[in-house]
Student: 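One structure is given below, represented as C-alpha cells, and several questions about it will come after.
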Amino acid sequence: MVYMLLGTGFEETEAIAPLDLLRRAGIEVKTVGLNGKVIYGGHGIGVEADLLPEEVDLSAMEMIVLPGGLGGVASIRSSSWAMDAIRYAYEKGKFTAAICAGPTILADLGITSGKRAVCYPGCEDNMGGAIIEKFGSVRDGKLITGTSAGSATIFGLSLIRALRGETAANTVAEQIVIRTQEVTYG
C-alpha cells in the first residue's frame, strides 16, 4: 500500500500525476486527507481523500509520498500524525518519497542526511545534510525525491520503478506516450 499525504495547499500536479501513474501500474494507493475528507490544493482544486488519518493501517505501508506546495508542506509539518507516519515509514525501511518543497520535511527528520536528493530550486538551504543533485527525480536507497510540478511525471515513474521495477515503469511510460524533448519550428 502506498499512502499519499494531502494537506491543504498541496501542489495538485505533484499529487495527481504520480497518483494516476501509480494506479496505472496496478499499485494500490490511498490518499490521506490531513485536514478533512475534501482537501483543496494551492490552486483551489478540491480532491476527495480516500482516507482520514485514523483509518490508515501503517503496517500495510510500502511507501509514503509527500506532494509539495508550501501550504501542503505546512499542513504536513503541523500534523503530529503525519510526522509520526513519515518517521514510521523511514524507521521500518519503507520507501519515503517527496517532491518540490516536500523533501525539506524529510530533511527536518534527518532522512535526507548524507543522501542524494533534489528539491524545489531555492529550498536547498533547508535540505540539511543532503547531497543536492540537479535532476527531475533522484532515488538513493529507499529515499525518492522530485524537483517540482514540472517533474511530477518523472517522479511518478521513479515511484513505480522503485516498487515494481523497470519493466512496470517502462510500460506506464509507453502507455502515456511520454516524450522528454520539445522542438519549435518557425
Side-chain angles (χ1 to χ4, degrees), residues 1-11 14-19 21-23 25-39 41 47-120 123 126-131 137-146 152 155-165 168:
M1 174 70 67
V2 175
Y3 291 116
M4 179 180 285
L5 306 186
L6 300 180
T8 300
F10 71 95
E11 170 53 59
E14 295 166 1
I16 300 304
L19 172 65
L21 296 177
L22 287 161
R23 288 185 176 171
I27 297 169
E28 190 172 5
V29 184
K30 297 290 184 187
T31 55
V32 182
L34 299 179
N35 308 102
K37 196 68 170 173
V38 177
I39 305 296
V47 173
E48 184 174 350
D50 298 310
L51 303 170
L52 296 172
E54 59 269 17
E55 299 171 305
V56 172
D57 177 8
L58 291 178
S59 68
M61 177 173 32
E62 287 182 86
M63 176 185 282
I64 194 164
V65 181
L66 316 178
L70 294 179
V73 167
S75 293
I76 291 170
R77 276 197 174 102
S78 67
S79 167
S80 59
W81 179 88
M83 297 301 280
D84 288 344
I86 298 163
R87 273 190 212 92
Y88 177 90
Y90 176 69
E91 290 169 2
K92 297 292 185 182
K94 307 301 179 186
F95 285 104
T96 307
I99 186 169
C100 193
T104 64
I105 297 169
L106 305 181
D108 290 348
L109 297 171
I111 294 170
T112 61
S113 187
K115 300 277 191 174
R116 295 184 183 280
V118 294
C119 61
Y120 188 80
C123 291
N126 299 312
M127 288 296 291
I131 302 161
S137 183
V138 172
R139 177 177 168 197
D140 189 341
K142 296 283 186 158
L143 172 67
I144 304 167
T145 52
F155 177 70
L157 293 171
S158 295
L159 303 180
I160 295 167
R161 194 171 289 107
L163 290 169
R164 299 296 184 266

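Counting from 1, the numbers follow the sequence of the chain as shown.
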Student: Looking at residues at least two apart in the chain, or sitting in another chain, which of them share a side chain to side chain contact (heavy atoms under 4.5 Å, CB included) with A15?
Tutor: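 By the side chain to side chain contact (heavy atoms under 4.5 Å, CB included) rule, A15 matches M4, L6, F10, P67.
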Student: Write out all pairs satisfying side-chain hydrogen bond (donor to acceptor under 3.5 Å, both in side chains) with one or both partners inside residues 94-107, taking only residues at least two apart or from two chains.
Tutor: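 Qualifying pairs, neighbours excluded: R77-T104.
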Student: Return the CD to CG distance between E28 and L22, rounded to the nearest 0.5 Å.
Tutor: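 Spacing of CD (E28) from CG (L22) equals 11.5 Å.
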Student: Within a strict 4.5 Å, meaning less than it, do heavy atoms of the Y3 and L51 side chains meet?
Tutor: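 Yes, side chains in contact.
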Student: Please step through side chain to side chain contact (heavy atoms under 4.5 Å, CB included) for the pair I144 and M63, ending with a clear verdict.
Tutor: CA-CA 10 Å; I144 304 167; M63 176 185 282; 3.9 Å; yes
Student: Is L34 close to P53 at the side-chain level, that is, under 4.5 Å between some pair of heavy atoms?
Tutor: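 In contact.
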Student: Mind listing the closest non-hydrogen atom pair of L5 and A82 along with its distance?
Tutor: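 Shortest heavy-atom contact: CD1-CB, 3.9 Å.
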Student: State, with a plain yes or no, whether a side-chain heavy atom of L159 is found less than 4.5 Å away from one of I27.
Tutor: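 No. Closest side-chain heavy atoms not under 4.5 Å.
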Student: R87: what forms a side chain to side chain contact (heavy atoms under 4.5 Å, CB included) with it, not counting sequence neighbours?
Tutor: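 Partners of R87 by the side chain to side chain contact (heavy atoms under 4.5 Å, CB included) criterion, ordered by chain and then number, come out as M83, D84, E91, L109.
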Student: Can you see which heavy atom on P18 is nearest to which on A152, and at what distance?
Tutor: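 For P18 versus A152, the nearest heavy atoms are CG-O, 3.7 Å.
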Student: Has the side chain of K37 got a donor or acceptor atom that lies under 3.5 Å from a matching backbone atom of V47?
Tutor: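 No; judged by distance alone, with no hydrogens or angles, the pair does not exist.
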Student: Looking at A74, is its backbone amide N or carbonyl O close enough to the side chain of S78 to form a donor-acceptor pair, meaning the two atoms are under 3.5 Å apart?
Tutor: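 Yes: the side chain of S78 pairs with the backbone of A74.
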Student: Which heavy atom of Y120 sits nearest a heavy atom of A101, and at what distance?
Tutor: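 Smallest interatomic distance, heavy atoms only, reads CB-N, 4.1 Å.
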Student: Nearest 0.5 Å please: distance from the NZ atom of K142 over to the NZ atom of K115.
Tutor: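 Those atoms lie 10.5 Å apart.
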Student: Output the distance between atom CG (L19) and atom OG1 (T31), rounded to the nearest 0.5 Å.
Tutor: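 If I round to the nearest 0.5 Å, the distance is 6.5 Å.
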Student: Ignoring hydrogens and angles, tell me if any N or O in the side chain of E11 forms a donor-acceptor pair with the backbone of G68 under 3.5 Å.
Tutor: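 Flag not set: sc E11 to bb G68 has no pair under 3.5 Å.
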Student: Is a side-chain donor or acceptor of N35 paired with a backbone partner of G7 at a separation under 3.5 angstrom?
Tutor: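 Side chain of N35 to backbone of G7: no pair is present.
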Student: Is the closest side-chain heavy-atom distance between M127 and C119 below 4.5 Å?
Tutor: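 Side chain of M127 against side chain of C119, heavy atoms only: contact under 4.5 Å found.
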Student: Just by modelled atom types, is the T145 backbone N or O under 3.5 Å from a matching donor or acceptor in the S137 side chain?
Tutor: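 Yes; judged by distance alone, with no hydrogens or angles, the pair exists.
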Student: Which pairs, with at least one residue in residues 57-66 and sequence neighbours excluded, count as a salt bridge (charged side-chain N to carboxylate O under 4.0 Å, His left out)?
Tutor: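 Passing the test, one end in residues 57-66: E62-R164.
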Student: Who are the salt bridge (charged side-chain N to carboxylate O under 4.0 Å, His left out) partners of D140, not counting sequence neighbours?
Tutor: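 Partners of D140 by the salt bridge (charged side-chain N to carboxylate O under 4.0 Å, His left out) criterion come out as none, since no residue qualifies.
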Student: Could I get the full list of salt bridge (charged side-chain N to carboxylate O under 4.0 Å, His left out) partners for R161, not counting sequence neighbours?
Tutor: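 R161 satisfies salt bridge (charged side-chain N to carboxylate O under 4.0 Å, His left out) with E166 once adjacent residues are dropped.
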Student: Give the minimum heavy-atom separation between I64 and A89, together with the two atoms involved.
Tutor: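 Nearest heavy atoms, I64 then A89: CG2-CB, 3.7 Å.
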Student: L106 versus Y90: any side-chain heavy-atom pair under 4.5 Å?
Tutor: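 They are not in side-chain contact.
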Student: Checking V73 against I105 for the side chain to side chain contact (heavy atoms under 4.5 Å, CB included) test, could you report, in this order, the C-alpha distance in whole Å, the side-chain angles of both residues, the deciding distance, and whether it holds?
Tutor: CA-CA 7 Å; V73 167; I105 297 169; 3.7 Å; yes
